[in-house]
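Atom set for the values below is all heavy atoms of this structure, side chains included, hydrogens, waters and symmetry mates excluded. None of these values were measured; they are calculated from a predicted model.
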Amino acid sequence: MNPEAGIQGGSEPRLFATTRWTLILSAANSENEEQKARDALAEVCRTYWRPIFSFVCRRGYSTEDAQDLTQDYFVMILESNWLQHADPNRGRFRSLLLKSLQNFLNNAAEKNHARKRGGDVEFVSWDDWMAEAPSQLSISAEAQESLPPERLFDLHWAATVVEQALRRLREECESKGRLRLFDALSVHLTAERADVSYANLSATLGVADTVVKKQLHNMRQRYRWLLRDQVAHTVENPTDVEDEIRHLCAALAAGPE
C-alpha cells in the first residue's frame, strides 16, 4: 500500500499541534501519578511494539529472546530517566526511539543479560499482543529476512502508522453505521482511478455510480487527513510532516508484497 499524502478540504478538524511527544512526556512527568504514567507507556507499547520487536528479531535474536528484550526495553524506558531526557527538539520520535533501542541492545549484548519472561513488570501480555488481528499490509518473507534491521524497523513503523489511520477511519465509519461502505471502499483508498470498477462497487452497494465516486472521494480525503494526523503525532515540527510521509511511503514501497 502506498498512502497518498495530499490533504484537502477546509472542513476537516484542526490538525493538533500536540504530538505523540505529549503522551511520552506525560509519562515522564507524572512522578506522583504512577498509574497514569504506566497507562501512557502501555499505549506507546501497544502502538509501536511491532517495529521494535521486528528490529530485535532481525538483529539475530530468537522469538522468545526478542520478546524478552522488547519487554525489557519498555521497562527501561519507564524505570530510567530516558523519558525525562526525551527532548522533542532532538528529532522525530521514530528516529529517537530507534537510536535508543540500538544503544539498549548494544548494552544488553555487552552484559549478556536479559530479564526472564514473566518478570516483575509487564504492561501488556505477549499473548494479547501476538493475538492482534493480522497486519493489513503484507510484508514478504524476503523483506523480513533480507532488509537491514534499520530498514525493517522503518517498514514496520510505516505499516503501523498506516494501520492506525485505517483503524481510526474504520471506527469512524462504524460509529456512523457505514461499516459496509468502509469494507467495500477501503481497499481502493490508494488505487489509481483506472483500477477502480465503479460499476462493480455500485452493484455491491446498491447505489448509483455517481454516489460511489463521491463516497470514495470523501473517504480518501478523510483517510489522507487521518494519515497526516497520525504522522504529525510522531514529529515535533509541523514542517517535518510531509518529509516524514515521503520517508514512510518509500519504506512501504521497499517492503510489502
Intermediate values then yes/no, side chain to side chain contact (heavy atoms under 4.5 Å, CB included), I52 and F74: CA-CA 10 Å; I52 291 171; F74 285 121; 3.5 Å; yes
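- Between R59 and P149 the shortest heavy-atom distance is CD-CG, 4.1 Å.
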Checking side chain to side chain contact (heavy atoms under 4.5 Å, CB included) for the pair V161/Q164: CA distance, chi angles, key distance, verdict? CA-CA 5 Å; V161 170; Q164 288 292 312; 5.8 Å; no
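- Note that CZ of F53 and NE2 of H156 are 9.5 Å apart. Values are rounded to the nearest 0.5 Å.
- Linking Ile, Leu, Val, Met, Phe, Trp and Tyr residues whenever their side-chain heavy atoms come within less than 4.5 Å places L179 and L226 in a single cluster.
- Of the candidates L101, D65, D68, T63, V56 forms a side-chain contact (heavy atoms from CB on, under 4.5 Å) with just one, namely L101.
- One finds the CG atom of L252 at 10.0 Å from the NE2 atom of H247 (value rounded to the nearest 0.5 Å).
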Evaluation steps, salt bridge (charged side-chain N to carboxylate O under 4.0 Å, His left out), between R170 and E174: CA-CA 6 Å; R170 186 184 191 280; E174 186 174 17; 3.5 Å; yes
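- For the pair L248 and V162, the minimum side-chain heavy-atom distance is 4.5 Å or more.
- Residues L185 and L205 meet the side-chain proximity criterion, which asks for heavy atoms closer than 4.5 Å.
- Between C173 and M219, some side-chain heavy-atom pair lies under the 4.5 Å cut-off.
- In this structure, OG1 in T160 is found 11.0 Å from CG in D154, a value given to the nearest 0.5 Å.
- Taking the side chain as every heavy atom from C-beta outward, Q102 and E150 approach each other to under 4.5 Å.
- Atoms CZ and CD, from R94 and E244 in turn, are 4.0 Å apart once rounded to the nearest 0.5 Å.
- Of the inter-residue distances, the one linking D209 atom CG with L201 atom CG reads 9.0 Å to the nearest 0.5 angstrom.
- Side-chain atoms of F55 and T70, non-hydrogen and from C-beta on, never get closer than 4.5 Å to each other.
- Under the 3.5 Å distance criterion, with hydrogens and angles disregarded, no donor-acceptor pair is assigned to the side chains of Y198 and T210.
- The aromatic rings of W157 and Y48 sit parallel to each other, their planes meeting at less than 30°, with 60° as the upper class boundary.
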Please step through side chain to side chain contact (heavy atoms under 4.5 Å, CB included) for the pair V196 and V212, ending with a clear verdict. CA-CA 11 Å; V196 179; V212 172; over 6 Å; no
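- Nearest approach of R180 to T204, heavy atoms of both residues: NH2-O, 2.5 Å.
- The shortest distance between side-chain heavy atoms of S100 and Y73 falls below 4.5 Å.
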Under the criterion salt bridge (charged side-chain N to carboxylate O under 4.0 Å, His left out), I'd like the reasoning laid out for E172 against R168: C-alpha separation, chi angles, the key distance, then a yes or no. CA-CA 6 Å; E172 288 183 0; R168 291 171 63 186; 5.6 Å; no
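- Rounding to the nearest 0.5 angstrom, the gap separating the SG atom in C57 from the CG atom in L152 is 9.0 Å.
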Evaluate side chain to side chain contact (heavy atoms under 4.5 Å, CB included) for L216 paired with R220, printing each intermediate quantity in order. CA-CA 6 Å; L216 181 56; R220 280 174 168 172; 4.0 Å; yes
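- Between R167 and E163 there is no salt bridge, since no side-chain nitrogen of the basic residue lies less than 4.0 Å from a carboxylate oxygen of the acidic one.
- Distance alone, capped at 3.5 Å, places no donor-acceptor pair between the R222 side chain and the L169 backbone.
- Of the possible donor and acceptor atoms, one in the side chain of N107 sits under 3.5 Å from a partner among the backbone N and O of N103.
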